[in-house]
Amino acid sequence: MTKKWWQGSVVYQVYPRSYQDSNGDGIGDLPGLTQRLPYIKKLGADVIWLNPIYKSPDKDNGYDISDYRSIQPAYGTMDDFDTMLESAHKQGLKILMDLVVNHTSDKHEWFEQSRQSKDNPYSDYYIWRDPVDGHAPNNWGSYFSGPAWTYEPKRGQYYLHLFAPGQPDLNWENPKVRQEVYSLMKFWLDKGVKGFRMDVINLISKPAGLPDAPQAPGAPYGNVEPLVSDGPRLNEFLHEMNQEVLSKYDIMTVGEMPGSTPEDAIEYTGLKSNELNMVFQFEHVGLAANPDKKLGKWNDQPIQLVDLKKALSRWQVELDGKGWNSLYWNNHDQPRAVSRFATDDPKYRVKAAKMLGTTLHMMQGTPYVYEGEELGETNVHYQKLDQYEDIESINAYHQLVEKDQAVDGTTMLKYMENMSRDNARTPMQWDDSNNAGFTTGKPWFALNPNYTEINAKSQVDDPDSVFNYYRQLIDLRHNSDLITLGTYEEIDPDDNEVFAYRRHYQGQTLLVISNFTDQTVQRDYGQANSKRLIGNYEDSQNDTLRPYETNVYLLND
Ligand code: GLC
Ligand code: CA
């Protein structure tokens, strides 16, 4: 098969609010990002995915957009964007935008109009329903706690919002809405952006009749995900989007698809689908959810390696030759990788971060590195509710602890320490000076105090740093079709300590062995005396694997 540019690329994700402040207002911005492009280039990434930078009331940090064609003033101006884009292109970096079109902000002009009456030009841009017996039209709960419906007295109707009330869902059944979306996509593509990460794109087609959703015992609302993901017209909408927009540009697309299976992924992003290029699947980041269903993702249980292997291996095997994986450990919605999948104990943190990077970057797919992951940044370990910023976390606390009394406050705070999205949103740790070099002012969100130990400045020139290890991983991939394209073979799925697999391509075999424990263990996969491509200890001791040891070998068939 011929390799597409996005198959050979590595993506670096920037959360602009927390990347680099340039004017001392405590908020990361576009000129700040422009200053830091050489750092991203140095790491070796090819593409930068930017979380939303559009005008927004920031109810959900930019995922509530009030104008798709302007820049959030705190991030700068359109000129600042153009300057950033030009500078990125000069350095050989491509820019991927976040496309958030399942919903807009309630302050978007379309919604401001739509809510006025049932007969204005925008009245059918959103999903409006009459009350049923004086209540919301169905039992749907929002992803951010509370009901998914809010009443608008002016229309005497409810509107649907799968997320916060400030994020009304667009009505994709309306062809005018779809044309608006295609037009704003072209606006950015014509500027030269190289594609989109599509926010919750598998939720855009709602089931006909909007039936009630399954409700866990004791839960106040139904769980919408099984009902609204991969809806009846999703294929049709994505196909149309491809015909009208995507196919006209040489770009990459990745659809965020909670709840989707490898089968779904092949349907929407298969190499022959003519829809999108790849999905962000949720299987490995959904492991160890609370067995008490009404607590959803909130838990403090460690992930079992056998489950993690099963999830990742399944996607590797099932998409091989049919689709293309996106490879990620974390992003702005997930806890920090090293804390979640290995350990942030200072004794092992560096080894563990390198081990995780290796395990993921040697798989088939396009790797995504979330800002700070390349430094081995950790969870922030907040202990108090008022330290949190994130709407999902704060709402969940109020709902589950105070309203539903489904869990006590102390336990919920433990769950949040483990799972909150805020773990990933603390400002980037550039150096050990005040506020880590992120801002000269008061940061919008507190820094992780460990920035004095973990920061870019101390790592960029240190050959043994996590940063330079990631650099080598990226470099290896860039120079190897075996790593990029090879097929995947899992080894010992029942081994709960070691994650090992082989990759095969044109008579060559790659062997990847990662010890996920803090113990020394013995494993023999025939690696003795083979050529080692990379590893996180100075040498390899063949069958002996020290704590969090990882090695990659090239075997001759
Ligand atoms: C996606 C985003 C998340 C946001 C949600 C609603 O999951 O990644 O940050 O809150 O969609 O737009
Ligand atoms: Ca700023």
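Order of listing sets the numbers, starting from 1, for every ligand and every atom in it. This is a predicted model, so every value here is computed, not measured.
Checked for salt-bridge contact, Asp82 and Lys191 meet the test: a charged N lies under 4.0 Å from a carboxylate O.
Heavy-atom contacts from other residues, nucleotides or ligands closer than 6.0 Å to CD of Glu263 number 12 or fewer.
Ile251 contributes atom CD1, which lies 5.0 Å from atom CG of Leu189 (distance to the nearest 0.5 angstrom).
Looking at Trp110, Tyr159, Phe111 one by one, the single match for ring pair (Phe, Tyr, Trp, His ring centres under 6.0 Å) with Tyr125 turns out to be Trp110.
Aromatic ring pairs are classed by plane angle as parallel below 30°, tilted from 30° to 60° and perpendicular above 60°; the pair Trp140 and Trp149 is tilted. Classification of the Tyr15-Trp444 ring pair by plane angle, with boundaries at 30° and 60°, yields tilted.
For Phe144, the ring pair (Phe, Tyr, Trp, His ring centres under 6.0 Å) partners at least two apart in sequence or on another chain are Phe163.
Counting only residues at least two apart or on different chains, the salt bridge (Lys or Arg N to Asp or Glu O under 4.0 Å) pairs with a member in residues 419-441 are Asp60-Arg421, Asp333-Arg421, Asp333-Arg425, Asp390-Arg421, Asp390-Arg425, Glu392-Arg421.
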Ligand-protein N/O pairs under 3.5 Å (ligand 1):
{"from": "ligand 1", "atom 1": "7 (O)", "to": "Glu256", "atom 2": "OE1", "distance (Å)": "3.2"}
{"from": "ligand 1", "atom 1": "7 (O)", "to": "Glu256", "atom 2": "OE2", "distance (Å)": "2.8"}
{"from": "ligand 1", "atom 1": "7 (O)", "to": "Asp333", "atom 2": "OD2", "distance (Å)": "3.4"}
{"from": "ligand 1", "atom 1": "8 (O)", "to": "Arg197", "atom 2": "NH2", "distance (Å)": "2.9"}
{"from": "ligand 1", "atom 1": "8 (O)", "to": "His332", "atom 2": "NE2", "distance (Å)": "2.8"}
{"from": "ligand 1", "atom 1": "8 (O)", "to": "Asp333", "atom 2": "OD2", "distance (Å)": "2.4"}
{"from": "ligand 1", "atom 1": "9 (O)", "to": "His332", "atom 2": "NE2", "distance (Å)": "3.0"}
{"from": "ligand 1", "atom 1": "9 (O)", "to": "Asp333", "atom 2": "OD1", "distance (Å)": "2.7"}
{"from": "ligand 1", "atom 1": "9 (O)", "to": "Asp333", "atom 2": "OD2", "distance (Å)": "3.4"}
{"from": "ligand 1", "atom 1": "9 (O)", "to": "Arg421", "atom 2": "NH1", "distance (Å)": "3.4"}
{"from": "ligand 1", "atom 1": "10 (O)", "to": "Asp60", "atom 2": "OD1", "distance (Å)": "3.3"}
{"from": "ligand 1", "atom 1": "10 (O)", "to": "Asp60", "atom 2": "OD2", "distance (Å)": "2.5"}
{"from": "ligand 1", "atom 1": "10 (O)", "to": "Arg421", "atom 2": "NH1", "distance (Å)": "2.9"}
{"from": "ligand 1", "atom 1": "11 (O)", "to": "Asp199", "atom 2": "OD1", "distance (Å)": "2.8"}
{"from": "ligand 1", "atom 1": "11 (O)", "to": "Asp199", "atom 2": "OD2", "distance (Å)": "3.2"}
{"from": "ligand 1", "atom 1": "12 (O)", "to": "His103", "atom 2": "NE2", "distance (Å)": "2.9"}
{"from": "ligand 1", "atom 1": "12 (O)", "to": "Asp199", "atom 2": "OD2", "distance (Å)": "2.8"}

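Only protein atoms were considered; those of element N, O or S under 3.0 Å from the Ca ion (ligand 2) number 5.
Under the 3.5 Å distance criterion, with hydrogens and angles disregarded, no donor-acceptor pair is assigned to the side chains of Glu377 and Tyr370.
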